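Here is the structure we will look at.
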Amino acid sequence: MTTTYEPNKVLSNEEFKVVGTRPIRPDGADKVTGRAQYGADYNPADLLYAKVLRSPHAHARIKSINVSKAESLKGVLAVVTGADTIAPKKGESADFGLGPQPMKYLRDNAIATDKVLYQGHAVAAVAAQDVHTAEEAVNLIEVEYEVLEPVLTAPEAMAKTAPILHPDLTTDEFGNSNVADHFQHKMGDIDKGFAEADVIVEREFDTATVHQGYIEPCNVTALWNDDDRIHVWLSTQGPFQYRDALALALDIPQSRVKVTPMEIGGGFGGKFPLYHELAAVLLSRKTRRPVKIVMTRAEVFGGTGPTSGSNVKVKMGATKDGRIVAAKTELRFEAGAYPGSPVGAAGMTSFAAYDIPNVIVDGYDVVVNKPKAGAYRAPGAPNAAFGIEQVIDELSKEIGVDPVEFRLQNCAKEGTRRADGPIHPKVGGIETLEALRDHDHYQSPLTPAKNGGKVGRGVAFGFWFNAGLQSTATISVNGDGTVNLVEGSPDIGGSRASISMQAAEVLGISADEVKPKVADTDSIGFSFGTGGSRTTFATGWAAYEAANDVKSQLIERAATIWGVDPNSVEMEEGVLRSKTDTELSMTFKELSAQLNDTGGPIIGRGSVNPAGVGGAFAANIVDTEIDPETGKVDILRFTMVQDAGKAIHPSYVEGQMQGASVQGIGWALNEEYYYSEKGTIDNSSFLDYRMPTSLDLPMIDTVIVEVANPGHPYGVRGVGEVSLITPQAGIANAITDAVGVRLESMPMKPSVVLDAINNQG
Amino acid sequence: MAKVFIPSLMQELTDGQTQLDIQGSTVREIIKELEQSYPGVKDRLMDGFKLKGNINVAVDGEVSPIGVLAKVQENSEVHFLPALGGG
């Protein structure tokens, strides 16, 4: 069945009472009235304000730090440096969204101990009675540096003559170098594959370092209480990861740390890692007062983790009849100052959208003098897709096949083996491409130019794995027939609603009768952070389990009240009834009112670490207009198609798709860190780091495809990331279609496009 | 026996063999068997009693949420994969 919600479409196969509808979000009123409490709004009694001293150098050895002048400034209560931290035990690690990483690196990234490895690296912090005093005091700290040569890109850092960032970073293959890891996926016989190919395309691509661009800066308030318990309030995607990492960093039990996630103004993967939180806690330990740090925008750019810049080599071959027979890529990813780029995910997703018999993928994780890379929606996959989807486009043109039909002909499906080994389960790649092909946008002529430029159309296609991981939820029944739902996943994109709706569906009540709360780490069981497109899948599943627990207890209670066997009672659509006696029936609301007098309150619980994660596909069409005199690219029309499995709340899925599309457009056309030769950032403000505004964009049309994931009770796949994989390559293909040149570096800013046009052979 | 796919860069430890048929009812037993025949494999994959933090194991295409405790059936496929992040 096809339903429409103009201009967006949902291609739905299965209908539910609550799941798939569009109720108003539970946190809507607080957010539109400004009453929602973000981290910067939190001001407990006795609050101190702190500022962080950051390195002006991209690479330097710390010879000495003198804090005496800062300490003696009136109004200063404490100063901390790396000397106040505790050396982590060997083997300790924590996971902030890019896989587990050694605590030593995480600690040194939070406060440098011996070397600074990027401009913006934290060196010390000051707590004072007001923020201005803290700022003044920070500038009184004297740091003597031995400035070292920086290295800024992965290919440069892999050169034998490159300056080495970590004397202790070694691999069997490279010895002591800046290469932290090398992996390879191999399938079939690559040489045989290229020998069979009639057409071979080989290109090399570079992508710049880009930031997630969340609007709310990172913030934290920390209190080391007099009972030696630590309470931290902050904007985070992963409160439990913070709790556990802080406990490791401070060498104390987890139970002494409580993390309260405040409302979050965007994260996109960037609000997982440990940054200034450690300094805030150490300052509070010294002062025994709450200490608050709110980053400036420049600190966000310089002191938090963007996603990797990368160098991607791609070689692919196809036969004249349109079959891709060989594919090869080499991925060199900047990890930033410490190991751990998203190159692993880039490698696994590189050719995962296609059925190709002969594949080889090499990935290199390379440290450079930039901030340690953080996660960013579908980490790594957009970098790889920027190159691969352009080469696929070029192959289709060389062969003379429509680019969507070419992708359809080679699309991965259930049973296709991926280059990294496993076989795809049921996936919706074919359905996604068919929806793209059949869309009005693709069936319509090119959008006419608005300003007399050259117009072109591009498409791109991508795959992302999504994640499962641990989640917990509890549900307590209120006497008025509503329920309180407590969960541990910060709500970034409407997950309170999508989680509540799954519980409501089980209980047969309306979504607004579920009252969700995102709890602190003392109040709910472990829940992995909100990221990896996992929350509606896994925390929704925990809520589903908790609701079923409530339901079975309600059935037992009704049986007790009626004096019948519980097996003879059923509950459907919010009504409990006897299977054998039609006189015995009551609503959930009626039973709720009787709970306290018939055995006491009912609480349900659900905790999951689910398998059955469903990978997702996305594809987009984009029409662009290029001004041949300036190289400026305008987006004329943009359509995103994505397989959601089941859209629990279609509006929020559409929001994810539109938001990712806009981020992809910014990444494609404008966004990048401008680095000087010394490794300093020249554009650490939103004035100079150019993100798209509504004036730069058309309406983003969406199509939600629903190929149910058999691994989830409602068929959910993840929806938060895959739509960021394709826009960049789609736009590159549209530019090529318009002006006939291939763009091999991103962003495709006016100067890059103009150079490509002018250098056209 | 389960079909175990050896990651490319570990094949130096398995005499270049890309796939091996290994007996075992859990991933832990599979790794133990591998180690018997190809010393060094365990060190590449495990840290103490757990998989290394940067490694996942997939059994029949499904990444195991319980690591080496995952059950393995006759004719199962076992893959060792890089651990993934997400945003």
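As the structure is a computational prediction, the values presented were derived from the model and not from experiment. Every chain is numbered from 1, with letters handed out A, B, ... down the list of sequences.
Asp365(A) has its side chain within reach of Ser341(A): a pair of non-hydrogen atoms, C-beta onward, lies under 4.5 Å apart. For the pair Leu34(B) and Leu20(B), the minimum side-chain heavy-atom distance is below 4.5 Å. Side chains of Thr171(A) and Asp181(A) form no contact here, defined as non-hydrogen atoms less than 4.5 Å apart.
Between chain B and the residues Met348(A), Glu173(A), Arg377(A), Lys271(A), the largest count of heavy-atom pairs under 4.5 Å involves Met348(A). For the set Leu81(B), Asp47(B), Asn54(B), the entry with the most heavy-atom pairs within less than 4.5 Å of chain A is Leu81(B). Listed options Gly61(B), Pro7(B), Gly53(B), Gly48(B) were ranked by heavy-atom pairs under 4.5 angstrom with chain A; first place goes to Gly53(B). If you tally non-hydrogen atom pairs under 4.5 Å between each of Pro425(A), Gly612(A), Ala467(A), Ala378(A) and chain B, the highest count goes to Gly612(A). Most heavy-atom pairs under 4.5 Å with chain B: of the set Gly421(A), Gly531(A), Gly344(A), Gly269(A), this distinction falls to Gly421(A).
Using a 4.5 Å cut-off between heavy atoms, Gln470(A) does not touch chain B at all. Proximity to chain B (any heavy atom under 4.5 Å) is shown, for Arg534(A), by neither the backbone nor the side chain. The parts of Ala345(A) that come within reach of chain B are both its backbone and its side chain, each placing non-hydrogen atoms under 4.5 angstrom from that chain. Only the side chain of Glu721(A) comes within less than 4.5 Å of a heavy atom of chain B; its backbone N, CA, C and O stay farther away.
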Problem - Candidate pair Glu29(B) and Lys71(B), rule salt bridge (Lys or Arg N to Asp or Glu O under 4.0 Å), full reasoning - result: CA-CA 10 Å; Glu29(B) 288 178 17; Lys71(B) 298 277 186 206; over 6 Å; no
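Within the 6.0 Å centre-distance limit, the rings of His424(A) and Phe463(A) are counted as a close aromatic pair.
A search for side chain to side chain contact (heavy atoms under 4.5 Å, CB included) contacts involving Glu35(B) returns Pro39(B), Val41(B), Lys42(B), not counting sequence neighbours.
If you check the side chains of Glu545(A) and Trp541(A), you find a donor sitting under 3.5 Å from an acceptor.
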